[in-house]
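Worksheet for the structure shown next.
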Amino acid sequence: MNQEIDDFKTKVLFVLSHLDSGEVISYGELARQAEHPNHARQVGQILKRLPRDTQLPWHRVVNSKRQISFSEGSAAYYRQKIALEAEGWIICGQRLLAKEAP
DNA sequence: CATTGGGCTTAAT
DNA sequence: AATTAAGCCCAAT
């Protein structure tokens, strides 16, 4: 029960920690890889509760449309955008376009 | 106990 | 390609 949920969180964080710079993954896909296909929103909850100084690359998680899931202009949006741009992404509004050539 | 709202997704227009 | 509607699951209220 709660054990199950903890496992889920653990797996989510595990998968997340294995993403390389420049990769992105969707909430749903992340949930899927953590063996709970329909828990995309829970992934969001988990990420939002991460400490602000976490090492984990939470910013590499975007929604299925390849967009930043925060409303444009919000503080969270900018944090994520900046982090992604630092990894070479070109971002237009909420949308992630192609990566810059390294 | 029911309602509501989230860093969502998918299918159908 | 963009918008809408219906699903989904947990936690907080």
Side-chain angles (χ1 to χ4, degrees):
Chain A
M1 32 185 299
N2 265 5
Q3 173 82 19
E4 180 97 13
I5 296 181
D6 285 340
D7 282 355
F8 172 63
K9 292 181 187 170
T10 305
K11 281 175 184 162
V12 166
L13 298 182
F14 176 80
V15 173
L16 185 58
S17 71
H18 280 247
L19 292 180
D20 299 321
S21 172
E23 279 190 81
V24 291
I25 190 173
S26 76
Y27 294 89
E29 179 61 20
L30 189 45
R32 205 165 15 254
Q33 292 204 20
E35 303 173 62
H36 288 248
N38 294 20
H39 289 225
R41 307 185 87 137
Q42 279 36 259
V43 171
Q45 294 300 325
I46 292 170
L47 298 190
K48 113 170 135 185
R49 293 172 186 198
L50 287 175
R52 304 203 53 140
D53 59 2
T54 183
Q55 300 259 350
L56 293 171
W58 58 272
H59 55 271
R60 297 185 188 146
V61 186
V62 295
N63 69 24
S64 67
K65 294 175 314 206
R66 265 201 149 182
Q67 297 178 169
I68 292 176
S69 274
F70 297 109
S71 50
E72 190 171 353
S74 65
Y77 162 81
Y78 283 118
R79 276 201 297 145
Q80 183 164 13
K81 175 177 172 173
I82 286 168
L84 287 171
E85 286 175 338
E87 296 183 350
W89 289 98
I90 306 294
I91 297 176
C92 175
Q94 305 183 258
R95 205 172 202 170
L96 274 68
L97 304 181
K99 279 185 50 177
E100 254 175 356

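Every chain is numbered from 1, with letters handed out A, B, ... down the list of sequences.
Distance NZ/Lys81(A) to CG/Leu96(A): 10.0 Å, rounded to 0.5 Å.
DNA chain B lies under 4.0 Å from at least one heavy atom of each of the following residues of residues 68-82 of chain A: Ser69(A), Phe70(A). Within residues 52-65 of chain A, the residues that have a heavy atom under 4.0 Å from DNA chain B are, in order of number, Trp58(A), Val61(A), Asn63(A), Ser64(A). Annotation: proximity of residues 22-41 of chain A to DNA chain C (heavy atom, distance under 4.0 Å) is found for Asn38(A), His39(A), Arg41(A), numbered in ascending order.
Gln42(A) contributes a side-chain N or O that forms a donor-acceptor pair with the base of dC9(C) under 3.5 Å.
Base pairing in DNA chain C yields stems of at least 3 consecutive Watson-Crick or G-U pairs, both distances under 3.5 Å, namely B:2-6 with C:9-13, B:8-13 with C:2-7.
The stretch residues 13-29 of chain A participates, sequence neighbours left out, in these salt bridge (charged side-chain N to carboxylate O under 4.0 Å, His left out) pairs: Glu29(A)-Arg32(A).
Under 4.0 angstrom from either OP1 or OP2 of dA2(C) there lies at least one side-chain N or O belonging to Arg95(A).
One interatomic measurement links the two molecules: CZ of Arg49(A) to P of dG7(B), which rounds to 10 Å at whole-angstrom precision. A straight line from NZ of Lys9(A) to P of dC9(C) spans 17 Å, rounded to a whole angstrom. Atom pair Phe8(A):CZ and dC8(C):C1' shows a separation of 12 Å (rounding to whole Å applied). With rounding to whole Å, Leu13(A) atom CG is found 16 Å from dG7(B) atom P. What separates CD of Gln45(A) from C1' of dC8(C) is a distance of 13 Å, to the nearest Å.
Considering only residues two or more places apart in sequence or on other chains, Glu85(A) meets the side-chain hydrogen bond (donor to acceptor under 3.5 Å, both in side chains) condition with none of them. By the ring pair (Phe, Tyr, Trp, His ring centres under 6.0 Å) test, His36(A) pairs with Phe8(A), His39(A), sequence neighbours left out. Not counting sequence neighbours, the partners of Lys11(A) by the salt bridge (Lys or Arg N to Asp or Glu O under 4.0 Å) test are Glu35(A). Partners of Arg60(A) according to the side chain to side chain contact (heavy atoms under 4.5 Å, CB included) rule, which considers only residues two or more places apart in sequence or in another chain, are Leu19(A), Ser21(A), Pro57(A), Glu87(A). By the ring pair (Phe, Tyr, Trp, His ring centres under 6.0 Å) test, Tyr78(A) is found to be paired with no residue, residues two or more places apart in sequence or in another chain being considered. A search for side chain to side chain contact (heavy atoms under 4.5 Å, CB included) contacts involving Thr54(A) returns Leu50(A), Pro51(A), Leu56(A), Trp58(A), not counting sequence neighbours.
Between dA5(C) and dG7(B), the distance separating the two P atoms is 22 Å to the nearest Å.
Side-chain contact check for Ile25(A) versus Gln33(A): some heavy-atom pair is nearer than 4.5 Å. For the pair Val61(A) and Val24(A), the minimum side-chain heavy-atom distance is 4.5 Å or more.
For Ile46(A) against Leu13(A), the heavy-atom pair with the smallest separation is CG2-CD2, 4.1 Å.
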Start with the C-alpha distance between Gln45(A) and Val43(A), add both sets of side-chain angles, then the distance that settles side chain to side chain contact (heavy atoms under 4.5 Å, CB included), and finish with yes or no.
CA-CA 5 Å; Gln45(A) 294 300 325; Val43(A) 171; over 6 Å; no
Extract all donor-acceptor atom pairs below 3.5 Å that involve side chains of residues 64-75 of chain A and protein atoms in other chains or at least two apart in sequence.
| residue | atom | partner | partner atom | Å |
| --- | --- | --- | --- | --- |
| Ser69(A) | OG | Asn63(A) | ND2 | 3.2 |
| Ser74(A) | OG | Ser71(A) | O | 2.9 |
| Ser74(A) | OG | Tyr77(A) | N | 3.1 |

